[in-house]
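Order of the sequence lines fixes the chain letters, A, B, ..., with proteins taken first and strands second; residue numbering starts at 1 for each chain.
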Protein chains: 2
Amino acid sequence: MSENDKLTEERIFEAATDVFVDKGMDGARMQDIASHAGINKALLHYYFRTKDQLFNAVFEMIAGRMLKKFAPVFDENLSLEAKIRFFFKEHIAFLQENPKLPGFILNEISRNPARIKKLLKKVHFESLWKNLYEQHKTELGKYNITEATMPQLIISIVSLSVFPFAARGIIEGILEKVGIDFDEFIEERKNFAAEFVIKAITR
Amino acid sequence: MSENDKLTEERIFEAATDVFVDKGMDGARMQDIASHAGINKALLHYYFRTKDQLFNAVFEMIAGRMLKKFAPVFDENLSLEAKIRFFFKEHIAFLQENPKLPGFILNEISRNPARIKKLLKKVHFESLWKNLYEQHKTELGKYNITEATMPQLIISIVSLSVFPFAARGIIEGILEKVGIDFDEFIEERKNFAAEFVIKAITR
DNA sequence: ATTCGGTTAAACTTAATAGTTAAATTTAAT
DNA sequence: ATTAAATTTAACTATTAAGTTTAACCGAAT
């Protein structure tokens, strides 16, 4: 039945997401995905003909979800400082719940850069940044931002939020030698990163 | 001959480095490595018995090299501001020459976190950070740094330097839509990141 | 000259994996 | 009850990769 269909397809999709995120495209095994979904390989291929097809479906979904997470900041009607605080709070919270996504996406893109291009086409960064810039024209006097430094600033902000998750293995290893818990560190980071950036751009 | 030995072993090692960094442990093929080294599979196994052994050798060498790149900052006899500028200049320059290392290391560690622990054991972060802290006690009045915020600060600094390379695929994609060249962006970053951090910690 | 280590080439084994297929069985709608 | 679709089982094909083996080649040291 079609209801059941959806359920199974969704179960497969979720299982595939788990396994792909965990092992990467190369490391993932179709049998493993089938087992995770509580079905068999035959049915897996019945729903998604090939590993590539399945992977692409999963990747586009995840990458799309990540990209969307960056969007709301551009819309919110807040001061620039408030926006920065809002971003780190929300974005790090999202990553706390999906800690493996950064590593997964970063890795798969570096193995196959073409994959991301299709998704990027849909987003119009030029206008997004222009909008952000326009919205805060009035605040520009207080800050150091020019249109030219916007990319550096934005990528810096994203770095501060995403990198600790992408490098979790190392950071966790280092922190535990100093007696700090990774989760605490991340919790603190929401504030630290926000204040860090605000101070950095305030002249 | 032993001279020849070293040469071949080195050729293999370099070829393996290239292929592993490019494809990752899972994606790399022994045949591919042999071809890159200009030898055959038999000889490859003659020098490094298994793929795992070869990979471990390569990984430890690369990860060790990366870790060492962070060390000199702690020794240099410079003001904190000068150190920060020095770090970004040197470290980003190193990454410009080895742009794929961050992605490789980050990915392999996230697939197998145990791998890094052995290497981290050798480095004594507690004393390194304490030293750094002691060295700049006199400057503390000017900055916002406490011993508690040291990890946040240091990881922020590393993020700003490393992340653009780890996320190169995406960033390149975005930047080219705004008409910016990745290499230019990175070149600018040496200064931007340094000034960004210095402003962030100056009160 | 001969032995030995580095080297090649090619065939081979073994194991894992992707993907297919067909028959049997279950499930749910009519 | 009948039917059609969803699902399982299990066997099968084809492919790919790691690692081994064998026989032969070559240059240099004994």
Side-chain angles (χ1 to χ4, degrees), chain A residues 1-62 104 107-108 110-112 114-115, chain B residues 1-62 104 107-108 110-112 114-115:
Chain A
M1 194 193 268
S2 183
E3 294 259 330
N4 218 330
D5 253 37
K6 281 280 168 236
L7 283 184
T8 306
E9 191 167 333
E10 202 142 312
R11 276 218 328 281
I12 293 176
F13 197 84
E14 279 163 21
T17 302
D18 287 350
V19 175
F20 277 131
V21 167
D22 220 58
K23 306 277 177 66
M25 165 65 167
D26 288 337
R29 300 290 161 243
M30 292 299 266
Q31 180 55 58
D32 196 14
I33 293 172
S35 303
H36 266 69
I39 57 162
N40 52 27
K41 229 175 25 138
L43 194 60
L44 182 55
H45 281 97
Y46 173 78
Y47 276 96
F48 297 86
R49 206 159 296 155
T50 67
K51 187 184 183 183
D52 269 296
Q53 246 176 65
L54 180 53
F55 178 84
N56 286 336
V58 167
F59 179 82
E60 285 195 18
M61 181 269 176
I62 290 184
F104 170 70
N107 181 48
E108 296 304 337
S110 85
R111 301 251 169 278
N112 184 351
R115 262 203 259 279
Chain B
M1 196 194 269
S2 183
E3 295 258 330
N4 218 332
D5 252 37
K6 282 278 170 240
L7 283 184
T8 306
E9 190 167 333
E10 202 143 312
R11 276 218 327 282
I12 292 176
F13 197 84
E14 278 164 21
T17 302
D18 287 351
V19 174
F20 277 133
V21 167
D22 219 57
K23 306 278 177 66
M25 165 66 167
D26 289 337
R29 299 290 162 243
M30 293 300 266
Q31 179 56 58
D32 196 13
I33 293 172
S35 304
H36 266 71
I39 57 163
N40 57 17
K41 233 175 17 140
L43 194 60
L44 182 54
H45 283 285
Y46 175 78
Y47 277 94
F48 297 87
R49 206 158 298 157
T50 67
K51 187 184 183 184
D52 269 295
Q53 243 176 68
L54 180 52
F55 179 83
N56 286 336
V58 168
F59 180 81
E60 285 195 19
M61 181 270 177
I62 291 184
F104 170 70
N107 181 50
E108 296 304 338
S110 86
R111 301 251 171 278
N112 185 350
R115 262 202 260 277

Do the side chain of B:E108 and the main chain of B:M25 share a donor and acceptor less than 3.5 angstrom apart?
-> yes
Whole-Å distance, B:D32 CG to D:dT16 C1', equals 14 Å
Can you list every pair that meets ring pair (Phe, Tyr, Trp, His ring centres under 6.0 Å) and has a residue in residues 23-43 of chain A, with sequence neighbours left out?
-> none
Taking 4.0 angstrom as the limit, do B:D32 and B:K23 come out as a salt bridge?
-> yes
Parallel, tilted or perpendicular: which fits the ring planes of B:F48 and B:F13, with parallel below 30° and perpendicular above 60°?
-> tilted
With the criterion being N/O to N/O and under 3.5 Å, what pairs connect the protein with nucleotides 8-16 of chain C, and how long is each?
residue : atom : partner : partner atom : Å
C:dA9   : N7   : B:N40   : ND2          : 3.2

Classify the nucleic acid contact of B:A34 as base, sugar-phosphate or nothing, counting any heavy atom under 4.0 Å across all strands shown.
-> nothing
Of the listed nucleotides C:dT7, C:dA18, C:dT20, the one nearest the side chain of A:R49 | C:dT20
Nucleotide C:dT17, atom C1' - distance to CG of A:D26 in whole Å = 13 Å
With a 4.5 Å limit on heavy-atom distance, are the side chains of A:K41 and A:R29 in contact?
-> no
Side-chain contact, heavy-atom cut-off 4.5 Å: B:E60 with B:F55?
-> no
Round to a whole Å and report the spacing from NE2 of B:H45 to P of D:dG19.
-> 5 Å
Roughly, in whole Å, what's the span from CD in B:Q31 to P in D:dT15?
-> 18 Å
Whether A:R111 side chain and A:G24 backbone form a donor-acceptor pair below 3.5 Å = no
Taking CD1 from A:I12 and P from D:dA6, how many angstroms apart are they, rounded to a whole number?
-> 12 Å
Proximal nucleotide (of C:dT7, D:dA6, C:dG19) relative to the A:T50 side chain | C:dG19
Distance in angstrom units between B:K51 NZ and D:dA17 P, rounded = 9 Å
Quick one: is B:T8 getting a side-chain N or O under 4.0 Å of the C:dT7 phosphate, OP1 or OP2?
-> yes
Report yes if a side-chain nitrogen or oxygen of A:Y46 is closer than 4.0 Å to either non-bridging phosphate oxygen (OP1 or OP2) of D:dA6; otherwise report no.
-> yes
Starting from P on C:dT7, measure out to CD on B:E9 and report it in whole angstrom.
-> 10 Å
What is the distance, rounded to the nearest whole Å, between atom OH of B:Y47 and atom C1' of C:dT7?
-> 8 Å
